[in-house]
Structures are given as structure tokens and as C-alpha cells.
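Notes for the one structure printed next.
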Amino acid sequence: MAKGFYISKNMGLAGLLMGTVAVVIIIALAAVYDKEKTKNQNKPVDGVAMLTTASPTTSSTLSTPKDPWEHYRLPDSLSPVSYNITLWPRLVVNASTGLYIFTGQSAVVFQCKKDTDLIVIHCNKLNLTLLNGHHARLTGLDGATAPTVKTSWLQVKTEYLVIQLNGKLTAGKSYRLSTDFQGELADDLKGFYRSEYTEDGGKKVVATSQMQATFARKAFPCFDEPAMKAVFHITLIHQRGTVALSNGRDVDGTEVTMTRFEPTKRMSTYLLAFIVSDFDHITGSIENNNVRIWARRKAIAEGHGNYALNVTGPMLKFFERYYNASYPLSKSDQIALPDFNAGAMENWGLITYRETALLYDPAISSVGNKERVLTVVAHELAHMWFGNLVTLRWWNDLWLNEGFASYVEYLGADYAEPTWNIKEQTILNDVHKVFAVDALASSHPLSRKEEEVNQPDEISEMFNTISYSKVLYVLENLLQQGFLCSRTSPTSYLNEFAFNNTVYSDLWDHLQKAVLTTPGMSLPHTVHDIMNRWILQMGFPVVTIDTAMGHITQKHFLLDPDSVVDRPSPYNYTWLVPIKWMKGGVEREQHWLLQETGISNATGSEWVLANLNVSGYYRVNYDMDNWERLLNQLTTDHTVIPLINRAQIVDDAFNLARDSVPWESVLILYITRYLSQERDYIPWESALRNLNYYILMFDRGQAYGVLQGYLKMQITPLFEYFRTITVDWTRVPTGHNDQYNQINAISFACRMGVERCRVLTSDWFREWMLNPDHNPIHPNLKKTVYCNAIAAGGVEEWDFAWQMFKNATVATEAAKLRSSLACTKVPWLLNRYLDYSLDPAKIRKQDCTSTINYIAGNVVGMPLAWDFIRARWNYIYTEYGGGSFSFSNLINSVTRRFSTEFELKQLKQFKEDNARVGFGSGTLALEQAIERTTANIKWVAENQEHVMKWLANEYHKHGAV
């Protein structure tokens, strides 16, 4: 725990000087704030040069950038070596300005790589104190003479501080650039920002940070690109009674307000973290390293950090063995923040989390909450090596960081909780999710060209399902070959590039070395040839197996086969596909499909199943006879087919039907017949997610009645099964996945109108309403019970849930209530809730977009949410930031039901009306929404009548339930 140290006389004088400067700065900020509000042209005020000071040489045209400061990428003439940074966040509102602020000083030592008379360094929304009439002070080091500053300005669009010199910096020489600055400690969840919470009846403020991907420049002037690694010397000035944390251990201090930290390892700016709070912590250890969990004092006192602490140590040891590399740092801090935009952030040595991703209360939180803590912690710890020790060179290769961490997170989580069989869930959490996006013509490759990813919004757009989830199974194509089990390739990769940056081909080099040095290991092509086809072209193939002729073919799979693929592929959208398969229940020798067509021995009268255990990133189609054989097997004894492949068959079938491949669309509904016999979670979850597409397409029209009736028949046996094994809902299923499937049984039964389910959930909720201090609902079932009871109720139920939400002190409980409040069918309540979503006093900014998403998921709320964001897009975009990772989710959620020409016209009009405002990180999502809506219109037109006829026949044949 950082306690600070008593300040010496000299230090006190320095502090007094800093305080004097700060007063001047604060006065200046008031003037600036008024000017910004009225959107006037800003000029230096009382020695503080504002961000909006523009370059006198910048052209206002939209021509191709000519000057270095007009480009979004830094010039390659300078390279940072180290930073000395002092920051002082004020945790009380300044009486004069009404703002929270921070002040700071930074000195960056850099080496000149090429002679230049220009310094370009990132700086965004910082007010720089003029030093001798300029924005920074330049000095030479080790005998170098620094040229004088000719002029300096802040380039707003590209977020630079630009300094023109009267002479040139000399290649090979080192220099120091010093700045004094202040910024607003805003609540915008970016850079150095403010988080607030209530504890013991009073408001408390935390100064915290989020630098990824382009927000370090909002905390201090810096070379803010991942390849610009440096060593950071951090000092934080803070109030007595608060704790200061950063990436390294604190090395000074006893009682006062300045905490200095050990120098960091050589690292990227986006991995920095600074926090000042009055949080408490619990401590563990791994050999010589402290492991600490930080959170609100009450949360720590009540043991909510214990589970995260208990799994962190074992997983760190696991990763050390897996990577064959020691944990690189001297300590591991993890902290739960009340306000945090992402789920978590892998800051090196100080990982930040939402409270829901780190804290677990066994009395209130569900099995799903516990698993989320496990997997998120595993993911972030995996980054300590893959991503932090070795870092991507540029954001176009984001998957190098996120994809590999997504893969090994399941290994670490499985090690910590071996009975959960958590690897099985990758097909649901990753494969099926990324298939839905990567099947669009507007998708993108894992590795994009560097020139496609330059602006901050374009960088934020890369933080998507493809970067996180696709590589999981692309790598699996190789991992299943066996040679990576030795882990020699990740180890050699980490050893060679430690504290440096890489591109994807560096990883392929090391994988290829592993192939060549592994006895008995062979591949049909080099690792580069195989893997480049999966990462340099978007999408994936559907592999079609004709068991009558023994033919195998591959084709680029598109949800809408008529959509136009504008992005060219260097491989003409063909892949090198490893096919694991079985015949008649017996696994056969792996086959490689190396061209568009091939020959196999998958012939005969026994059923054939390919992509065994979903080890490859592709869909599988069969001739009609083999589909019928698989259906017969599912009906007679579905357990003969591996669990994960049952989920795969369901998902492939539903999506192949949407692709309009040559088979009857209603055939997929024959597959759902077997579900009345299925009891396992993975296949049921796959089926429910796919059936949800039918619900979304039909729940506003006449087809929904027969669809609901048929699905009611299919879910009732599962509902009754869990009622029986839980002894009328009084016991918890023993299996981890069985607990998930119990939730599915209740949730879907209520949704499909099973009366016994409606009564059950309403009675439980009413019992809670009668005694608010005693909640009788098991934590696993809270979310589905809350939602269904609120949906079946009215104003009384909603107002009670809202009060419980406001009273909630555990983040996971508040999250369940917040999502469930969107389930009401009362339009005016939904409209009021939409208004609440933009009021930070009612809904935290981090939760704004997800709250709107929940409302849009309600068939009654969807048109209300669509009208809401159209009417307020300018405000939402400006206030909540177009670079927010959640903007793409907002657009996807609000538009996922769209299936009419009228809605498509509205969507295109929305794009046109807001072209000048922009869509930020949601730009690609908007294009995908238009593409999906077009495909939905076509699918409904072609399939609704056939589906209705089949459903009606089945429903009436077996009798209404």
C-alpha cells in the first residue's frame, strides 16, 4: 500500500511553486471553459495554450495530407527512451470552475533517428503552460546542443503538439522535451479520468485511467503508438488518506501526499495506469511477487475480492509454465472500478476491471458471474506476456494481442476450475459469435493493411469479435496438429521479442521452426502459406461433403450469397483446410482440402460427421442423404454424436438455410425435433441462439403464434426435467453447465408462454416485493426471474425493481436489475427508462449504451430505442464518444430485428442524415446493419410462408400445449 513520504524543505518549495502554477492554471481553465462552451476561437490565456490552438499552416481542404502533422501516424524520426511524469489529480471540485482537474509535468527523453527540424508528439485535450513563449522546453543531452524553438502549436484533428525548430536535431543524439500541463479529470472514461461512487452515505471520487488505444495522450504529451516503447518514471501527488497505484511498486513514502514508483519495464503508452483512491486491498503472493486485489473498502471487507485472489496465483503459475517464462514484473495489482468503459484492461502490473469482472459475492452473484471473473482475469493475466512483454507493432494486427490471449484464457481458466469443462463453451462464446460477423461481405481480415487503420475511431473499430475470437480457432487449425503442445514456439517468440514489437509473420517464423524441429511432424504447406490464408482474407469457407460421390468442395460462406464482396483476396477466397472427421461414430484419418475441390473416402451408407469437435474454422454441409442419416442418429440416440458437434450441427444447419444453399429451409426445423430429448447445455444454447433469429424475424407478425406454440412444445420437457431434478426448484443442479441449462429452461419456457413458468417467476418476485430485505430467488435465477416478472407485471413491479437497483451495493446485482428493467411491456415505462439512460445521475456512463441495447432487445422497446437514438444521435455521439468500443454494439442491437424495406430505408436515411456527425467506431457496424437488414428482407420473403406451414402442421399434429 502506497503511503507517501514527508516532503523535505526543497521538495516543499518545489511543491509551493507547483501550487502557484496550478492556481494560475485553474484561473485560466475557467476562462477557457467558458470559451469552449460558446465555441469561440481559443487563444493562449494567462500562459496556458489551449488544445484548440490551430496550426497557422494547416489547410482546411480535404486534400491528401502533405505535412507530417496532418498524418495520423507519427514520423519515424524520433524514438522515446524514457519519461519522467508527475501528476496531481484533484479529487474535489474547483470552486471557481466547477470542474475536477489534474496538473502535471512531463519530461520525455528521446533519441533522434533521422536529422529533423520538427518534433511531433501526441497531445489531446491538455492545456499546456507556455514556457518562454512556447508549449515545451527542449534541451540536449550527453553533449548534444538543442536547437531553439521557432514556433509551436496544437494540431487538433490529428491530436499532436507540433514544434518547429530553428535548426535540426542530429541523428544518434538524445534530447529532453519538457512540458507543464493541466487537464480536466472528467467522467468520460478516457485517459486520466474520474470515477465516483457512494459509500457510508457520502460521495467518493477516484482518479483512474484508461489509455488503450489512443488515450494516453489525454493524460500527458507522449509518443502514443504501441511501437514507441519506453521506460516510465511515475510520481503521483495525492491527498492524505488516499492510496496511489501505478504499474510498478511504490518505492518512497510514509504518510504524506507524494508517491514515487519504480521505473517500469520498457513498454507502450497504452499499458500505463495511474490511480488515486481510498480503496482497500487483500494480498497474496507468488514466489517473490505480491498479488493484490483492490476495490471499494466495503467490497473488500465483505470478501468480494477473495475469489479473484484465489485464482490469480494458480493461473499466474500456469502461464509461467505454459510460456516457460517468469512473470516479468515485481508485483501484480488488480483493481475493480465503479466506472470503467471496457470489461477490463491489461495495464502492465495494474490491471483495471469493471466491478462485475473482478468481484464475486457468493451470496448474491450467480455461477455466470463467477465464471466471468475467472475468464476475464485469465484473459488479462495472459496479456502480461502476450501483448505486454511482446506487443503488436500497430493496431492493424490487434489479434496478435487479443486473439492469443483469448485462446490461452481458456487454458488458464480450465487449470483453475478443471471440473467446469470451460473449453466446451468456446464454440458458443467465440466460434458461433464470430461466424455471425465474418459471414458478412462487409467483414474484414484479421490483419488489415496498416493504411486502413490510422484514425482513433478506426483503431477502436478493431476491438471487435473478429480480433478477439476468430484467431481462437484459426490457431486451433495448427494447435490440433500437435506440434504446439511442446510450447516451444510461443516461448522462443517471447524470448526473441521481449520488450519489443512484432508483426504476424514473426509468429509464423517461430511456428515454422517448431514444425521443422518436431520429430514426425509434417504439414502440406509452410505455416506462412497455411495461416496467411486465414488472416489475410476475411471470412471462412463452407466445406461441402458429398457422401454419394466422395467429392469435397469449399466456397466462401456468405449469409447473403447475392451480396457483393468488394474486398479483393490474394488467395481468391480459398483456404487450406484441415478436416477432422468420423464415419459411423469412428474417427478417421485427417484430410487436408488444399484446393477448391478434392476427393475423399467419405462414402457409403454410414453417417459422416466433419470438423470433429469443431477443431477448424469453417462450416460443413452435406448431401441430403447424409443430413437425413445425421437427423436419424440425433433422433434415435443423440449421445453417439459428440456434444460439441451436436451444437455445431444445429448452428451449421440454421445458418446454411439462411445462406439459401440448395436444401429446404424447413429441414433445419426437423433438427429441432430432437431437442425434446436433449438435456445438455451446449446444444440447447446453440439451438436457442439460432431460434432467436426466427423469433426476431417473426415476433412482430402472424407467424409468431405458430412459432411460439411449436417451441413451447420443445421446451416444456426440459422445463419439467429441471423441475424434477431440483425437487420443484428447491435444489441447485450439481453440474456447472447444468446450472446454465436450468436458467435456459426457465427463461425460454416463460418466453414461450408456459403458464407454470409465469406463475413460478411472478410468485418468487412477489414474495421478494413483500419482504425486500429477504430475496428468496437463487442468484443463478435472478436475472431470468426479474425479467419475466417485470414483463408480466406493470408499474408496481417496475418501480420496485428500480428502487432495488438504486439500493444495490453489489455491481452484479445492479447489473441484473438494470437489464431486467428493460423487460417491461409498458411503452411509457420504456420511454422513461430511455431518458434515464442518458442521465449519469441515474445510469452510469459506462452503462448507457448497454441499457439502450437491453431496451432494444424488447419487441416493444425496439422501435422506441430506434426513435430515441435517431433523435439524439448528435448528443450521444458527442457526449459518450464515437471512439467508445460499445458504439458498434449499440447499432447492432437496435437494428437486429430490421427485416422490412421501410426499416432499410430508415437505416440508410439515418446514415445520410448523420454523415457529418459521424459514427466513430460504429461505422463498420452501420454498414453491417444495412447488409444484415437486406439479407433479412430476402430471407423473410423467401421462407416465412414455408416455415409457417411446417410449424402449423407440427403444432396441430402434436396438439396445442
Side-chain angles (χ1 to χ4, degrees), residues 210 212 245 247-249 264-265 267-268 270-273 281-295 305-337 340 342-360 370-392 400-418 420 422-423 426 429-430 468 471-472 487 490-491 493-494 498-499:
Q210 168 61 20
Q212 194 181 55
L245 299 172
N247 301 81
R249 289 183 302 187
T264 69
K265 303 292 186 181
M267 58 184 280
S268 302
Y270 79 86
L271 294 171
L272 283 170
H281 71 281
I282 51 176
T283 304
S285 64
I286 170 175
E287 296 183 351
N288 297 322
N289 295 321
N290 280 338
V291 176
R292 300 184 295 187
I293 306 296
W294 295 83
N306 293 351
Y307 180 69
L309 182 65
N310 290 341
V311 297
T312 293
M315 287 195 293
L316 277 175
K317 293 299 295 181
F318 170 81
F319 288 131
E320 285 188 325
R321 290 193 298 271
Y322 181 82
Y323 294 124
N324 194 25
S326 297
Y327 178 68
L329 305 179
S330 60
K331 58 98 173 178
S332 174
D333 281 331
Q334 298 176 88
I335 187 166
L337 297 167
F340 192 70
M345 178 60 210
E346 65 270 19
N347 311 302
W348 217 5
L350 178 52
I351 306 173
T352 45
Y353 296 82
R354 280 196 181 202
E355 290 191 340
T356 54
L358 187 66
L359 304 182
Y360 171 73
K370 189 175 186 179
E371 184 180 306
R372 174 159 174 77
V373 170
L374 175 70
T375 55
V376 175
V377 169
H379 183 96
E380 304 310 321
L381 293 178
H383 272 306
M384 300 301 104
W385 291 266
F386 237 97
N388 295 9
L389 180 65
V390 178
T391 310
L392 52 78
L400 270 176
N401 282 17
E402 298 300 344
F404 202 90
S406 293
Y407 176 77
V408 297
E409 85 176 54
Y410 286 102
L411 303 181
D414 185 66
Y415 178 81
E417 296 286 3
W420 288 6
I422 203 163
K423 186 75 163 60
T426 60
N429 299 337
D430 293 283
Y468 280 76
V471 75
L472 189 76
R487 301 163 194 153
T491 300
Y493 173 80
L494 291 172
F499 307 109

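Positions are given from 1, in the same order as the sequence printed here. Here the structure is a predicted model, which means the values were calculated and not measured.
Smallest separation of non-hydrogen atoms from A295 and L359: CB-CD2, 3.9 Å. Of all heavy-atom pairs spanning F404 and L400, the tightest one is CB-O, 4.0 Å. The two atoms that bring A416 and M315 nearest to each other are CB-CG, 3.9 Å, heavy atoms only. Closest of all the heavy-atom pairs between V373 and A308 is CG1-CB, 4.1 Å. Taking both residues in full, the closest heavy atoms of V471 and G403 are given as CG1-CA, 2.8 Å, listed atom of the first, atom of the second, then distance. A413 and A378 get closest at one heavy-atom pair: N-CB, 4.1 Å.
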* Could you walk me through whether L374 and I422 pass the side-chain contact (heavy atoms from CB on, under 4.5 Å) check? -> CA-CA 10 Å; L374 175 70; I422 203 163; 4.1 Å; yes
* To do: Starting from the C-alpha separation in whole Å, work towards a yes-or-no answer on side-chain contact (heavy atoms from CB on, under 4.5 Å) for M267 and L272.
  => CA-CA 8 Å; M267 58 184 280; L272 283 170; 4.1 Å; yes
* Please assess F319 against M384 for the test side-chain contact (heavy atoms from CB on, under 4.5 Å), listing each intermediate value before the final yes or no. => CA-CA 9 Å; F319 288 131; M384 300 301 104; over 6 Å; no
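Proximity of N401 to H383: side-chain heavy atoms (C-beta onward) are separated by under 4.5 Å at one or more points.
No side-chain N or O of H379 forms a donor-acceptor pair with one of E346 less than 3.5 Å apart.
Expressed to the nearest 0.5 Å, how far CG of D430 lies from CD of E409 amounts to 7.0 Å. One distance of note links CD1 of I282 with CZ of R292; it measures 12.0 Å at 0.5 Å rounding. Atom OG of S332 and atom CG of N290 lie 9.5 Å apart (nearest 0.5 Å). Interatomic distance, CD1 of I351 versus CG of L358, reported as 9.0 Å (0.5 Å rounding). The CE atom of M345 sits 6.0 Å away from atom OH of Y270, with the distance rounded to the nearest 0.5 Å. Rounding to the nearest 0.5 angstrom, the gap separating the OH atom in Y323 from the CG atom in L494 is 7.0 Å.
For the pair W348 (side chain) and G248 (backbone), a donor-acceptor distance under 3.5 Å is absent. A donor-acceptor pair is defined here as one N or O able to donate and one able to accept, closer than 3.5 Å; such a pair exists between the side chain of Q210 and the backbone of Q212. Counting only distance, with no hydrogens or angles, the side chain of K423 and the backbone of Y410 share no donor-acceptor pair below 3.5 Å. Side-chain atoms of N247 come within 3.5 Å of backbone N or O of L271 as a donor-acceptor pair.
The environment of NZ in K265 is sparse: at most 12 heavy-atom neighbours from other residues, nucleotides or ligands sit within 6.0 Å.
Of the listed residues (I293, I335, V377), just one forms a side chain to side chain contact (heavy atoms under 4.5 Å, CB included) with Y353, and that residue is V377. With Q334 as reference, T312 is the one residue of T352, N347, T312 to meet the side chain to side chain donor-acceptor pair (under 3.5 Å) rule.
Residue pairs that meet the salt bridge (Lys or Arg N to Asp or Glu O under 4.0 Å) test with at least one member in residues 306-320, sequence neighbours left out, are E287-K317, K317-E320.
The aromatic rings of Y493 and F386 lie parallel to each other, with less than 30° between the two planes, well short of the 60° mark.
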